[in-house]
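Structure first, then comments.
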Amino acid sequence: MKKRILSAIIILLVLSASLTGCGLVGEFTTASSDDGLKRGTGLIIGEVVALEDPDPNPKRSVSVKPQTLGISYEGKALGSDFYIYRNTLPEAGVGIYDTIHAGLAAGYTNIALPMAITPSDLDTIYYCVLYDHPDLFWVNPGYSYYYDANGYVTSFIPLYNYLVNDIAGTKAAVESVTKPVLAEMSKLPNDIEMSKYAHDYLIEYTTYQANSLDQDAYSAFVLRQTVCAGYSQAFSYLMQKMGIPCAMVVGYAGELHAWNLVYLSGEYYLDDCTWDDPYGNPPGVYYYDYFNVTDEYMSQTRYRLAISNRIPMAYGTYASYYGYFGGDRYGTDFGGVDDYEPEPQPSPEPEPEPTPTPEPTPEPEPTPEPEPTPEPEPTPTPTPTPDPTPTPTPEPTPTPTPTPTPTPTPTPTPVPNPPDDNSGGSYDYDHDESQGGTSTSTSTSTSTDGNASASATATASGDGSTSTSTQTWVSGDGSASSSSSSSSSSSSSSSSSSSSSSSSSSSSSSWGWP
């Protein structure tokens, strides 16, 4: 399959290379004819672009609805066998032909095909449609197509000019120009006379000049200037409107060139209006060197190419200019055309683009309420194990010391003494060893945390005969206390008394009571 596709592409490239040099900018060449007049060419073979189909399994219709392919000036439908190129196709090709024609006539941008075909078959069928239908003014040569995984064509993408934006207006513009021409042609006695009238009209009113629309009949009728493709399509248009089969022939005449095959009085003939309208030809001067001639005659200056070899050869002689008109070169009276004033055509108002129906704004989905974060279960505070209440150690009952009868002593004169930094308290010294008498000392001590206090008092006589000592301890909460008292007598002449303190704890656990 890939080889077949490659072969088809190579054939197209070779054909395109051999068909270069068409007159897109008003080029003209000298034809090798008897009169040596300068004549123009200008046929374009469009570029073909292949695209891979994004849908590997496209849906295709298997049937083609019957359709009207054309209507004559008198309003009669042209028969299915009227079109020359269509008659060369097999039944399957006819279905593709009709599908493509319907899509082009409507200006479709993508035409799905009813069956899978090869790219080379598509090229043949497309140009059969284009050369058969001169009324497709908005179609340009060239196209694109989609192909599937097997290389078969799935859909066809035409190439249009700007006239496709107003198809109805374009048709109306052409009809306003051709209506008087067709009206005059309809008065003529036969198809041969009609063919001469169409031939002379194009020579009289058309100038050979390239332009952006010169590949169709619109350029010849409305713009009044065109190249060979426009001459050929315009001649076909006039003849078909008269119910006479006619089509464009593609060939080579030093450059790419186009002319016509027409069926007159039971025979086929060839016509080349372009070469009968030489460059610079003055109005009222007509040439018939290429009017209703045979292929044998044409072979002196040209030959057919591509699908134009499929259509019938021209052998007719009866309708030739010399055979039918006797050889005298005479013109045509276009008084009926010149006197006709085209009906004014209203400028087609552009169809308003349909206001797109706004898509309903989707209701926002309700934001789900966040599930409440479960509060962490409180860690149960462990019940503190109560410290066992310590069993208080019974305080020993102090043995009472007999209190001696104190001997009154003279009150000494107090002598101030600095406090002892190591005792944490204040001291009073009333003892004077040199005088004798009585000495009293008092000491108070408090713990650093303020939970306990102690006091001590000592009294000594100056002569050493009597000594008394009393101690009292109180815990911080006042729950426990102890006191002691002692008394002694001595014969020593003097003694010093000092106080000492010891700590005692209450029953509170913070004190470490034993």
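With a 4.5 Å cut-off on side-chain heavy atoms, Tyr269 and Val293 do not count as touching. Within the 4.5 Å cutoff, no side-chain heavy atoms of Thr109 are placed close to those of Pro158. Side-chain contact between Tyr145 and Pro119 is present, with at least one heavy-atom pair separated by less than 4.5 Å. Side-chain contact between Leu238 and Phe221 is present, with heavy atoms from C-beta onward closer than 4.5 Å. Leu113 has its side chain within reach of Ile100: a pair of non-hydrogen atoms, C-beta onward, lies under 4.5 Å apart. For the pair Asn110 and Tyr146, the minimum side-chain heavy-atom distance is below 4.5 Å. Using a 4.5 Å cut-off on side-chain heavy atoms (C-beta onward), Val139 and Phe137 make no contact.
The pair Glu193-Lys196 does not meet the salt-bridge criterion, since no charged nitrogen lies less than 4.0 angstrom from a carboxylate oxygen. A salt bridge links Asp98 with Arg86: at least one charged nitrogen is closer than 4.0 Å to a carboxylate oxygen.
Looking at Asp214, Asp277, Asp272, Asp271 one by one, the single match for side chain to side chain donor-acceptor pair (under 3.5 Å) with Tyr231 turns out to be Asp277. Checking Tyr83, Trp138, Tyr126 one by one against His133, the ring-ring contact (aromatic ring centres under 6.0 Å, His included) holds for a single residue, Tyr83.
Ring-centre distance between Tyr201 and Tyr205: below the 6.0 Å cut-off. Taking the centre of each ring, Tyr108 and Phe156 stay at or above the 6.0 Å mark.
Side-chain atoms of Ser232 never come within 3.5 Å of backbone atoms of Ala229 as a donor-acceptor pair (strictly under, hydrogens ignored). Tyr286 places no side-chain N or O within 3.5 Å of a backbone atom of Tyr288 that could act as its donor or acceptor partner. Not one N or O on the side chain of Glu47 forms a donor-acceptor pair closer than 3.5 Å with the backbone of Tyr143. Between the side chain of Ser299 and the backbone N or O of Glu296 there is at least one donor-acceptor pair closer than 3.5 Å. With Trp259 contributing its side chain and Gly251 its backbone, the two residues share no donor-acceptor pair below 3.5 Å. Between the side chain of Thr206 and the main chain of Ile203, no donor-acceptor pair closer than 3.5 Å is present.
The minimum heavy-atom distance between Ser308 and Val250, with the atom names listed, is OG-N, 2.8 Å.
Here the CG atom belonging to Leu305 is positioned 7.0 Å from the CG atom belonging to Leu256, to the nearest 0.5 angstrom.
Looking only at atom types and distance, the side chain of Asp276 has a donor-acceptor partner in the side chain of His199 under 3.5 Å away.
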